[in-house]
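Predicted, not measured: the structure shown is a model, and the values here were computed from it. When a residue number appears, it is its place in the shown sequence, counting from 1.
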Amino acid sequence: MRVLIVEDEKNLAETLKEMLKQNRFDSDICADGESGLAYAREGSYDLLILDVMLPKRNGFSIVEELRKDGDATPILMLTAKSSVEDYVHGLDLGADYYLTKPFEMQELMACVRALTRRRGEVVMDELKFGDLVLNKSTCELVCGERSIRLGKKEFSIMHILMTNGNTVVSKDELLKNTWGFDSDAEDNNVEVYISFLRKKLRFLHADAQIDTLRKFGYKLSGANA
């Protein structure tokens, strides 16, 4: 597996490269947006780890250009920005996952494994799990002939769960990536939105469901997953 790291913080980029090496991933590093876009277009990568704030060209514009080219390589975005609007903007452009700095390396590697595991399933505008389809452009959750539009936080949580597939996602990860690292939101905020999503899954008559694993977090399961 080959990974492209586009990150201008030298120490972080080298740490990421070493962590990936320990997990048997080969990687290249670019320190600015222009060279990052060129490498992404010319190289054959299984994953891009892409910072948002970069010299010469920001990460959002790189995602936009690659998706316009028809490049469906999974993209994990890194950012110091914690607003939901930035998170949703990145996903709308075609990013597959979003981590807010600072993050744990263990968390990043879980994301890398999830995205590379699903490499062959990545679709530009849709995520699939079991009998569910999440449309990134319209924020609609679809099951068969039924569909329902999700709110921003519902969409964020469902996107994270579907990206991770059968892997457990902690409440802390959902909090950081949906409400932001500096938010005052607590565990019960996650529980409320999980409850909203479960009601919508029942409305859709979905086989897929959200399981709670006490002291660990949540994961999706389903008969056809």
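- Lys56 contributes atom NZ, which lies 12.5 Å from atom CG of Leu37 (distance to the nearest 0.5 angstrom).
- Separating the CD1 atom in Ile160 from the CZ atom in Phe155 is a distance of 10.0 Å, to the nearest 0.5 Å.
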Next on the checklist: The test is salt bridge (charged side-chain N to carboxylate O under 4.0 Å, His left out); show your working for Glu154 and Arg149 and say whether it passes.
Outcome noted: CA-CA 9 Å; Glu154 292 173 328; Arg149 187 176 177 84; over 6 Å; no
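- Under the 6.0 Å distance and 45° angle rule, Arg146 counts as a cation-pi partner of Phe203.
- The two atoms that bring Arg198 and Asp211 nearest to each other are NH2-C, 3.9 Å, heavy atoms only.
- Atom CD of Gln22 has more than 12 neighbouring heavy atoms from other residues, nucleotides or ligands inside a 6.0 Å radius.
- Closest approach of Thr79 to Tyr98, counting heavy atoms only: CG2-CE2, 2.8 Å.
- By the rule that hydrophobic residues join a cluster once side-chain heavy atoms approach within less than 4.5 Å of another member, Val3 and Phe103 end up as members of one cluster.
- Taking each heavy atom of Pro55 and Asp32 in turn, the nearest pair found is O-CB, 3.6 Å.
- Closest approach of Leu50 to Gly59, counting heavy atoms only: CD2-O, 3.5 Å.
- Side chains of Lys17 and Phe25 form no contact here, defined as non-hydrogen atoms less than 4.5 Å apart.
- Between Val63 and Ala95 the shortest heavy-atom distance is CG1-N, 3.7 Å.
- Note on Met105: it clusters hydrophobically with Leu76, by side-chain heavy-atom contacts below 4.5 Å among ILVMFWY residues.
- Side-chain atoms of Ser156 do not come within 3.5 Å of backbone N or O of Lys152 as any donor-acceptor pair.
- Not counting sequence neighbours, the partners of Ser61 by the side chain to side chain contact (heavy atoms under 4.5 Å, CB included) test are Arg57, Asn58.
- A distance of 10.5 Å separates CD1 of Ile29 from OH of Tyr39, quoted to the nearest 0.5 Å.
- In this structure, the side chains of Glu65 and Arg41 come closer than 4.5 Å at one or more pairs of heavy atoms.
- Under the rule for a ring-ring contact (aromatic ring centres under 6.0 Å, His included), the partners of Phe196 that lie at least two apart in sequence or sit in another chain are Tyr193.
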Next on the checklist: Go through it in stages, so that I can follow the logic: the residues are Leu197 and Ile210, the test is side-chain contact (heavy atoms from CB on, under 4.5 Å), and I'd like the CA-CA distance, side-chain angles, deciding distance and then a yes or no.
Outcome noted: CA-CA 8 Å; Leu197 286 170; Ile210 302 172; 3.8 Å; yes
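- There is a path of hydrophobic side-chain contacts, each under 4.5 Å, that joins Leu12 to Tyr97.
- The CG atom of Leu141 sits 9.0 Å away from the OG atom of Ser147 when rounded to the nearest 0.5 Å.
- Looking at Leu134 and Leu150, their side chains come closer than 4.5 Å, going by heavy atoms from C-beta outward.
- Of the charged side-chain nitrogens involved, at least one lies within less than 4.0 Å of a carboxylate oxygen, so that Asp28 and Arg2 count as a salt-bridged pair.
- For Asn188, the CG atom counts as densely surrounded, since its 6.0 Å shell holds more than 12 non-hydrogen atoms of other residues, nucleotides or ligands.
- A donor-acceptor distance shorter than 3.5 angstrom exists from the side chain of Asp131 to the backbone of Asp207, with no hydrogens or angles considered.
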Item to check | Stepwise side-chain contact (heavy atoms from CB on, under 4.5 Å) check, Cys111 with Glu173 | outcome: CA-CA 11 Å; Cys111 297; Glu173 184 177 341; 4.3 Å; yes
Checklist entry - Given the rule in the side-chain contact (heavy atoms from CB on, under 4.5 Å) test, do Lys199 and Ser195 qualify, once you have shown the distances and angles that lead to the verdict? => result CA-CA 6 Å; Lys199 289 177 181 177; Ser195 176; 4.1 Å; yes
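- Surrounding CD of Glu104 are at most 12 heavy atoms belonging to other residues, nucleotides or ligands under 6.0 Å away.
- With a 4.5 Å cut-off on side-chain heavy atoms, Ile148 and Leu204 count as touching.
- No side-chain heavy atom of Met77 sits less than 4.5 Å from a side-chain heavy atom of Ile49.
- Of the possible donor and acceptor atoms, one in the side chain of Arg67 sits under 3.5 Å from a partner among the backbone N and O of Asp71.
- Shown here for Leu108 and Leu78, the closest heavy-atom pair between the two residues is CD1-CD2, 4.1 Å.
- In this structure, Leu132 is not a member of the same hydrophobic cluster as Val168, with clusters built from ILVMFWY side-chain heavy atoms closer than 4.5 Å.
- Shown here are the salt bridge (charged side-chain N to carboxylate O under 4.0 Å, His left out) partners of Glu140, two or more places apart in sequence or in another chain: there are none.
- In the hydrophobic clustering of this structure, Met162 does not group with Val142; members are Ile, Leu, Val, Met, Phe, Trp, Tyr whose side-chain heavy atoms approach within less than 4.5 Å, directly or through other members.
- The closest side-chain heavy-atom distance from Lys219 to Val169 is not below 4.5 Å.
- In this structure, the side chain of Thr178 engages the main chain of Leu174 through a donor-acceptor pair within 3.5 Å.
- To the nearest 0.5 Å, atoms OG (Ser27) and CG (Leu48) are separated by 12.0 Å.
- Here the side chains of Leu220 and Asn166 are not in contact, with every heavy-atom distance at 4.5 Å or above.
- Remark: side-chain polar atoms of Asp51 are not paired, donor with acceptor, to backbone N or O of Leu54 under 3.5 angstrom.
- Side chains of Val112 and Leu20 form a contact here, defined as non-hydrogen atoms less than 4.5 Å apart.
- Summarising the geometry, atom CG belonging to Leu201 is positioned 9.5 Å from atom CD1 belonging to Ile194; distances are rounded to the nearest 0.5 Å.
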